[in-house]
Participant: 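Input: one structure, supplied below.
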Amino acid sequence: MHPVRRLAAACSPAEAAACSPADLAAVESCLAADVVAWCDSGGVVAAPLSPVWGAAEVALLLIATLAHTTLTVESVNGRPGLVARSPTGTAVSVVGAANSHAVITHLWMVLNPAKLTRWHRH
């Protein structure tokens with residue numbers, strides 16, 4: 001299974017449609033040990049200003065950012081990525097990913113609401 005699909009499954013178990021701290025180990029298992037994540041929040045929403053390094057830190061970032069959202073695997077820049085939406089269908093994050101073999105090595109998280117409008121489903 002593609003690592004982005006594994007990540008979506010780890011963040012959205014069948015019995016719950018949102019990431020939870022209980023899924024930390026499953027999320028980490030989808031990530032390379034030296035994974036790096038960048039966030040584009042446009043200064044509008046709270047997000048790290050510098051890259052986040054390492055599986056443990058990136059897993060915590062993902063769980064915090066994707067909490068209480070519904071995830072779908074969609075094409076992001078021509079590759080499998082994640083779209084996180086609120087219960088109302090508003091996109092709150094689009095996550096692009098690069099992988100090497102079975103793990104994700106890089107994540108680009110768009111959190112800036114101005115850049116997410118085309119991803120909304122209302």
Side-chain angles (χ1 to χ4, degrees):
M1 179 183 303
H2 193 280
V4 170
R5 292 191 185 282
R6 285 188 23 242
L7 180 60
C11 286
S12 294
E15 57 279 354
C19 280
S20 70
D23 303 314
L24 183 61
V27 173
E28 280 189 54
S29 74
C30 300
L31 306 172
D34 60 348
V35 64
V36 60
W38 292 270
C39 295
D40 172 3
S41 69
V44 180
V45 296
L49 299 175
S50 299
V52 177
W53 293 86
E57 293 299 318
V58 171
L60 289 171
L61 171 67
L62 286 167
I63 287 173
T65 304
L66 305 178
H68 310 294
T69 64
T70 300
L71 296 177
T72 55
V73 177
E74 299 183 31
S75 179
V76 177
N77 296 328
R79 298 176 149 194
L82 296 175
V83 179
R85 292 183 179 88
S86 72
T88 63
T90 301
V92 296
S93 181
V94 173
V95 182
N99 65 289
S100 177
H101 305 289
V103 293
I104 294 169
T105 57
H106 300 82
L107 290 169
W108 297 272
M109 301 176 69
V110 177
L111 303 164
N112 183 342
K115 295 182 178 181
L116 296 173
T117 57
R118 77 173 200 92
W119 296 92
H120 297 332
R121 286 191 184 158
H122 294 282

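In this chain, residues are counted from 1 in sequence order. The figures that follow rest on heavy atoms only: side chains count, while hydrogens, waters and symmetry mates do not.
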Participant: If you apply the rule side chain to side chain contact (heavy atoms under 4.5 Å, CB included), what do you find for Val76 with Val95, and how did you get there?
Facilitator: CA-CA 7 Å; Val76 177; Val95 182; over 6 Å; no

Participant: Same cluster or not: are Val94 and Leu7 linked, directly or through other Ile, Leu, Val, Met, Phe, Trp or Tyr residues, by side-chain heavy atoms under 4.5 angstrom apart?
Facilitator: no

Participant: Heavy atoms only: give me the nearest Pro3-Ala102 pair and the separation to one decimal.
Facilitator: CB-O, 3.6 Å

Participant: Where is the tightest heavy-atom contact between Ile104 and Ala97, given as atom of each residue plus distance?
Facilitator: CG2-CB, 4.1 Å

Participant: If a pair satisfies side chain to side chain donor-acceptor pair (under 3.5 Å) and one of its residues is in residues 25-54, list it, with sequence neighbours excluded.
Facilitator: Asp40-Lys115

Participant: Kindly determine whether Leu61 and Met109 satisfy side chain to side chain contact (heavy atoms under 4.5 Å, CB included), including the steps that lead there.
Facilitator: CA-CA 10 Å; Leu61 171 67; Met109 301 176 69; 3.8 Å; yes

Participant: To the nearest 0.5 Å, how far apart are CG in Leu82 and CZ in Arg5?
Facilitator: 9.5 Å

Participant: Short question: side chain of His106, backbone of Val36 - any donor-acceptor pair under 3.5 Å?
Facilitator: no

Participant: Give the minimum heavy-atom separation between Ser100 and Thr105, together with the two atoms involved.
Facilitator: CB-CG2, 3.7 Å

Participant: Grab the two heavy atoms, one from Ala91 and one from Leu116, that are nearest each other, plus how far apart they are.
Facilitator: O-CD1, 3.6 Å

Participant: For Val103, what are the other residues in its hydrophobic cluster, where any two members join if their side-chain heavy atoms are less than 4.5 angstrom apart?
Facilitator: none

Participant: Which residue pairs pass the side chain to side chain donor-acceptor pair (under 3.5 Å) test when at least one of the two sits in residues 79-95, sequence neighbours left out?
Facilitator: Thr72-Arg85, Glu74-Arg85, Ser86-Thr88, Thr88-Thr90, Thr90-His122

Participant: Which heavy-atom pair separates Trp119 from Ser75 by the least distance, and what is that distance?
Facilitator: CH2-O, 3.4 Å

Participant: Check Ala59 against Leu24 and note the closest heavy-atom contact, atom names and distance.
Facilitator: CB-CD1, 3.5 Å

Participant: Are Val110 and Val52 linked, directly or through intermediate hydrophobic residues, by side-chain heavy-atom contacts shorter than 4.5 Å (ILVMFWY only)?
Facilitator: no

Participant: Grouping I, L, V, M, F, W and Y whenever their side-chain heavy atoms are under 4.5 Å apart, do Leu71 and Leu31 come out in a common cluster?
Facilitator: yes

Participant: Leu60 and Leu66: same hydrophobic cluster, using ILVMFWY side-chain contacts below 4.5 Å?
Facilitator: yes

Participant: Check the hydrophobic clustering (I, L, V, M, F, W, Y; side-chain heavy atoms under 4.5 Å; chains of links allowed) and say if Val83 and Val73 are grouped together.
Facilitator: no

